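Each ligand, and each atom within it, is numbered from 1 in the order the structure gives. As the structure is a prediction and not an experimental result, all values here were calculated from the model.
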Amino acid sequence: MTADTSVASDVHGSLYSDALTRLERAAALVDVHSEVLTRLREPVSITQVSIPVRMDDGGLRLFTGYRVRHDDTLGPGKGGIRYHPDVSLDEVKALALWMTFKCAAVGIPFGGAKGGVTVDPKTLSPLELERLSRGFVQRLADVIGPETDVPAPDVYTNARVMGWMMDEYSRIVRHRTPDVITGKPLSLGGSLGRDEATGRGAYYCLKQLERLRGWEPSSIRVAVQGFGNAGQHVAQLLHADGYKVVAVSDSKGGIFFPDGLEIPALIEAKNARRGLHDVYCDCSVCECADCMKHQTTPITNAELLQLEVDVLIPAAIENQITEVNADGVRANVVVEVANGPVSSQADEVLMENDVLVVPDILANAGGVVVSYFEWAQNRAGYRWTLSEVRERLRQTMDSAFASIYGRWERGATPDMRTAAYAHALERLGQAFEDQGTARFFSAHDGTGAV
Ligand code: NAD
């Protein structure tokens with residue numbers, strides 16, 4: 001089966017410029033010193049590496065990898081590592097900036113960072129993938145660390161990959177360092193609840209909307225684009241509450257059933273077709289459709305985005321809803337589980353059409369919140385129970401949601417995204433002010449006490 005490339009993905013301007021557009025929109029509505037923006041427009045550091053990997057056939061291949069630390073004023077850099085053929089420096093810079101704003105929006109003590117390797121990991125054997133992951137850490141060892149920059153999983157990296165990376169870093173520094181990376185397997189210092197955290201965080205946002213809008217779950221139809229870690233968990237939780245998840249998709253295409261798909265059976269079928277030693281699940285939802293009791297209809301990713309549903313959850317990759325297809329979105333609510341699935345031009349179209357967008361830096365923050373819990377547990381040498389993790393995640397998400405939704409509802413910003421950026425920008429602005437901007441230094445010229 002070939003990849004479903006029918007989504008409007010040809011409209012790929014610079015993601016970083018797009019990220020800056022959002023920053024400028026929020027800055028116009030918030031009282032922060034211009035120096036705050038001067039600093040946040042440029043990342044703190046950019047590391048580009050080439051990673052030599054000995055392939056199984058004896059030959060050598062060089063892969064390009066990046067790590068960008070966007071800002072570390074609020075704490076060590078934090079952000080995932082992505083393995084994907086489309087990884088570029090521009091993309092990693094944008095993802096790192098979003099991490100700065102995400103951590104600030106939900107109030108956790110981390111800055112923003114991101115990494116990636118330009119590779120199609122599904123073409124590598126498990127041994128080649130392990131060598132690549134260890135090789136990347138060898139190259140990054142000087143710029144990551146528990147108190148400088150703490151990576152995590154992202155698209156096509158997972159707990160196993162994080163485990164290899166943690167082990168490699170520990171070998172380099174010659175002591176065990178579980179707190180250098182989050183999203184690890186439980187046996188290697190991972191946290192209970194980290195695997196489900198991104199989907200669960202988005203689910204908590206939807207539960208708030210359910211309360212605010214008086215939704216009856218069984219009458220709410222949901223479509224989920226991307227049936228990986230984040231997409232599966234949010235679909236599973238919504239299905240368990242009685243929501244009708246009518247469509248799901250992955251890179252090979254999607255399936256649709258108007259009365260609601262049996263999500264647990266679909267997840268079970270996907271996992272059952274994964275070999276014990278496989279790193280990735282290669283089975284598409286399209287191939288798993290035969291596990292359904294009902295006949296499903298195959299749909300493309302482009303069709304899924306335009307389905308007549310109440311809630312649309314893009315949970316795959318960026319730039320899926322652009323000015324080309326935004327007008328065709330018929331959902332009332334879009335919950336951005338993926339990073340950057342809606343372009344800044346599409347924001348305006350969705351706003352005009354009264355579509356409420358719960359922005360990525362809030363909707364998918366559950367992952368980094370529980371990564372913070374994992375890091376804190378590693379540093380304390382103490383394990384939390386699953387119910388402790390879920391409860392603290394719920395409190396963090398509910399509080400961030402209330403602040404951001406409240407700001408938007410009061411009319412202080414035109415959309416929830418700008419409200420989220422403004423909320424984060426105020427926190428960042430305060431930290432920069434506490435270090436001193438020109439406002440402080442020009443008032444204290446060295447002749448008097450400060
Ligand atoms: P994953 O690798 O587990 O799953 C990605 C899914 O997207 C897969 O089902 C894949 O087939 C699908 N996909 C890839 N390209 C696609 C395309 N062109 N069209 C449709 N589907 C496509 O990744 P994940 O961890 O679930 O991450 C998904 C998104 O959520 C990413 O944008 C990621 O940055 C974001 N996110 C993830 C986390 C996390 O903790 N996992 C945290 C925050 C944000």
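- Of the candidates V337, T198, D250, T182, the one placing a heavy atom closest to atom 35 (C) of ligand 1 is V337.
- Taking the six-membered ring for Trp and thresholds of 30 and 60 degrees, H84 and Y156 have nearly parallel ring planes, at less than 30 degrees apart.
- Under a 3.5 Å cut-off, the side chain of N229 and the backbone N or O of T198 do not form any donor-acceptor pair.
- Of the heavy atoms in K122, none comes closer than 4.0 Å to ligand 1.
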- Message: Let's go through Y405 and W408 carefully: what are the C-alpha distance in whole Å and the side-chain angles of both, what is the deciding distance for ring pair (Phe, Tyr, Trp, His ring centres under 6.0 Å) to 0.1 Å, and is it a yes or a no?
- Response: CA-CA 5 Å; Y405 188 88; W408 167 68; 5.3 Å; yes

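- Checking only distances, K114 never comes within under 3.5 Å of ligand 1, N or O to N or O.
- Residue contacts with ligand 1 leave out E318, since none of its heavy atoms falls under 4.0 Å from the ligand.
- Atoms of ligand 1 lying under 4.0 Å from at least one heavy atom of F227, given by number and element, are 9 (O).
- For S251, a nitrogen or oxygen atom sits less than 3.5 Å from a nitrogen or oxygen atom of ligand 1, counting backbone and side chain alike.
- Remark: ligand 1 atoms within the under-4.0 Å shell around heavy atoms of A316 are 7 (O), 13 (N), 20 (C), 21 (N), 22 (C), 28 (C), 29 (C), 31 (C), 32 (O).
- Annotation: D154 places an N or O atom under 3.5 Å from an N or O atom of ligand 1; distance criterion only.
- No side-chain donor from either of R392 and Q395 sits under 3.5 Å from a side-chain acceptor of the other.
- Of all atoms in ligand 1, listed by their number and element, those nearer than 4.0 Å to a heavy atom of N301 are 19 (N), 20 (C).
- Under the 30°/60° scheme for interplanar angles, the aromatic rings of Y243 and W215 are found to stand perpendicular.
- Ion pairing between a basic and an acidic side chain is recognised when a charged N comes within 4.0 Å of a carboxylate O; E130 and R160 show no such pairing.
- Between A315 and ligand 1, not a single N/O pair is under 3.5 Å apart.
- Remark: distances from the non-hydrogen atoms of P153 to ligand 1 are all 4.0 Å or more.
- Per-residue contacts place N364 under 4.0 angstrom from the following atoms of ligand 1 (heavy atoms of the residue considered): 43 (C), 44 (C).
- E268 CD: 12 or fewer foreign heavy atoms inside a 6.0 Å radius.
- Within a 6.0 Å radius of CD in E147, other residues, nucleotides and ligands contribute 12 heavy atoms or fewer.
- Ligand 1 has no nitrogen or oxygen under 3.5 angstrom from a nitrogen or oxygen of S249.
- For the pair A230 and ligand 1, the shortest N or O to N or O distance falls below 3.5 Å.
- Looking at residues two or more places apart in sequence or on another chain, you find a side-chain contact (heavy atoms from CB on, under 4.5 Å) between S403 and H423.
- Polar contact check, G228 against ligand 1: a nitrogen or oxygen pair lies under 3.5 Å apart.
- Y204 and R200 are linked by a side-chain donor-acceptor pair at a separation below 3.5 angstrom, with hydrogens and angles left out of the test.
- Of all atoms in ligand 1, numbered sequentially from 1 with element shown, those under 4.0 Å from a heavy atom of R194 are 40 (O).
- Checking only distances, K270 never comes within under 3.5 Å of ligand 1, N or O to N or O.
- P151 and K78 get closest at one heavy-atom pair: O-NZ, 3.2 Å.
- Checked for salt-bridge contact, K244 and D259 miss the test: no charged N lies under 4.0 Å from a carboxylate O.
- Both the backbone and the side chain of N229 come within 4.0 Å of ligand 1, judged by heavy-atom distances.
- At a 4.0 Å cut-off, at least one heavy atom of R82 sits close enough to ligand 1 to count as contact.
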